[in-house]
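If you're wondering where the values come from, they're calculated on a predicted model, not measured in any experiment. The chains referred to below are lettered A, B, ... by the order of the sequence lines, with proteins before strands, and numbering in each begins at 1.
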Number of protein chains: 2
Amino acid sequence: MDDTQLLKGVLEGCVLSVISRGETYGYEILSVLMENGFDTLIEGTLYPVLTRLQKKGLIACRVGKSPLGPSRKYFSITPEGEAYLAAFTENYAKITQAARNILDNE
Amino acid sequence: MDDTQLLKGVLEGCVLSVISRGETYGYEILSVLMENGFDTLIEGTLYPVLTRLQKKGLIACRVGKSPLGPSRKYFSITPEGEAYLAAFTENYAKITQAARNILDNE
DNA sequence: AGAAACTACTTGACAATGCAAAGTAGCTGT
DNA sequence: ACAGCTACTTTGCATTGTCAAGTAGTTTCT
């Protein structure tokens, strides 16, 4: 089974949700998502998502030093991002409800 | 909000699930899905899904007359389709669990 | 009979997004 | 100096939903 398609769209909302908890950076977001069940997620997938979110103005970015390793890009959510996240969560609930209606009902 | 991306992959499994309940045809599948919450689904999206499922051998197809209107393509699920649906359902549960972990946890 | 409305399926161009695979580079410990 | 970890980037690719039409058979209303 290939779960690639199931991830579409969901990932963007989840990344935003992680950032909404407080300023963080790519590598940390990656580990949080992987620990929570997105275990096949790779950097080449995550970083473009961050770029997209930034372009849409949903997150803000600053470069800062790391206590260990190369410097990081720290992301935080914007008011637009909060609004988008709320809309996303609602929409996601609607779709999953519809899917459950169909899949559960034999 | 655009729910296009959220549909990806989910739709294929849902269509298969509807067909698994018994032989049916495109137009009917469309109305079942729309009644269950996929209210923006259109024909141009559904029919390509059916073609894909058929190409993968997950559903079988026969052409038959309709009691009203033009003739229909009747679809039924194959053993491969049943197996795929089971795998899909499991995988879907896993992804939605992961997403819930992330989205619910403030 | 003619027109409109409904049933039913088809097609081509398009955009969004995840993945694979590879690269660049800083830092730490041996 | 070398290995291993941290951290971000880039290019090319495949999949899939949508838009916007189009083709046709059947029924109903006038």
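Take A/N101 and apply the side-chain hydrogen bond (donor to acceptor under 3.5 Å, both in side chains) test, not counting sequence neighbours, and it matches A/Q97. Under the side chain to side chain contact (heavy atoms under 4.5 Å, CB included) criterion, A/A86 pairs with no residue at all, not counting sequence neighbours. With sequence neighbours excluded, the residues satisfying side chain to side chain contact (heavy atoms under 4.5 Å, CB included) with A/E82 are A/I77. Residues passing the salt bridge (charged side-chain N to carboxylate O under 4.0 Å, His left out) test with A/K73, sequence neighbours excluded: none. Every residue two or more places apart in sequence or in another chain that forms a side chain to side chain contact (heavy atoms under 4.5 Å, CB included) with A/T24 is listed here: A/I19, A/E28, A/I29. Taking A/T96 as the reference, A/Y92, A/R100, B/Y92, B/T96 meet the side chain to side chain contact (heavy atoms under 4.5 Å, CB included) condition, with sequence neighbours excluded. Applying the side-chain hydrogen bond (donor to acceptor under 3.5 Å, both in side chains) test to A/E80 and every residue at least two apart in sequence or in another chain returns A/T78.
Two residues, A/K73 and B/G9, neighbour DNA chain D, and the one matched to the more 5' nucleotide by heavy-atom proximity is A/K73. Take the nearest nucleotide of DNA chain D for A/K8 and for A/S66: the residue whose nucleotide is more 5' is A/S66. When each of A/S71 and A/D3 is assigned the nucleotide of DNA chain C with its nearest heavy atom, A/D3 is the one assigned upstream, toward the 5' end. DNA chain C is contacted by both A/T40 and A/G69; A/T40 maps to the nucleotide lying nearer its 5′ end (nearest heavy atom per residue).
Applying the ring-ring contact (aromatic ring centres under 6.0 Å, His included) test to pairs two or more places apart or on separate chains, those with a residue in residues 1-25 of chain A are A/Y25-A/Y74.
For DNA chain C, the residues of residues 42-57 of chain B within the heavy-atom distance limit of 4.0 Å (strictly under) are B/E43, B/G44, B/Y47, sorted by number.
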Quick one: side chains of residues 37-53 of chain A, donor-acceptor pairs under 3.5 Å with protein atoms, not counting sequence neighbours, listed by atom name and distance.
residue: A/Y47; atom: OH; partner: A/Y27; partner atom: N; Å: 3.4
residue: A/T51; atom: OG1; partner: A/Y47; partner atom: O; Å: 3.1

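In summary, contact between chain B and DNA chain C, defined as any nucleotide atom under 4.0 Å from a heavy atom of the protein, begins and ends at C/dT7 to C/dT17 in the 5' to 3' direction. Once you apply a 4.0 Å limit to the heavy atoms of chain A, the touched nucleotides of DNA chain D run 5' to 3' over D/dT6 to D/dT16.
For B/E23 and B/R72, the salt-bridge test fails: no basic side-chain N is under 4.0 Å from an acidic carboxylate O.
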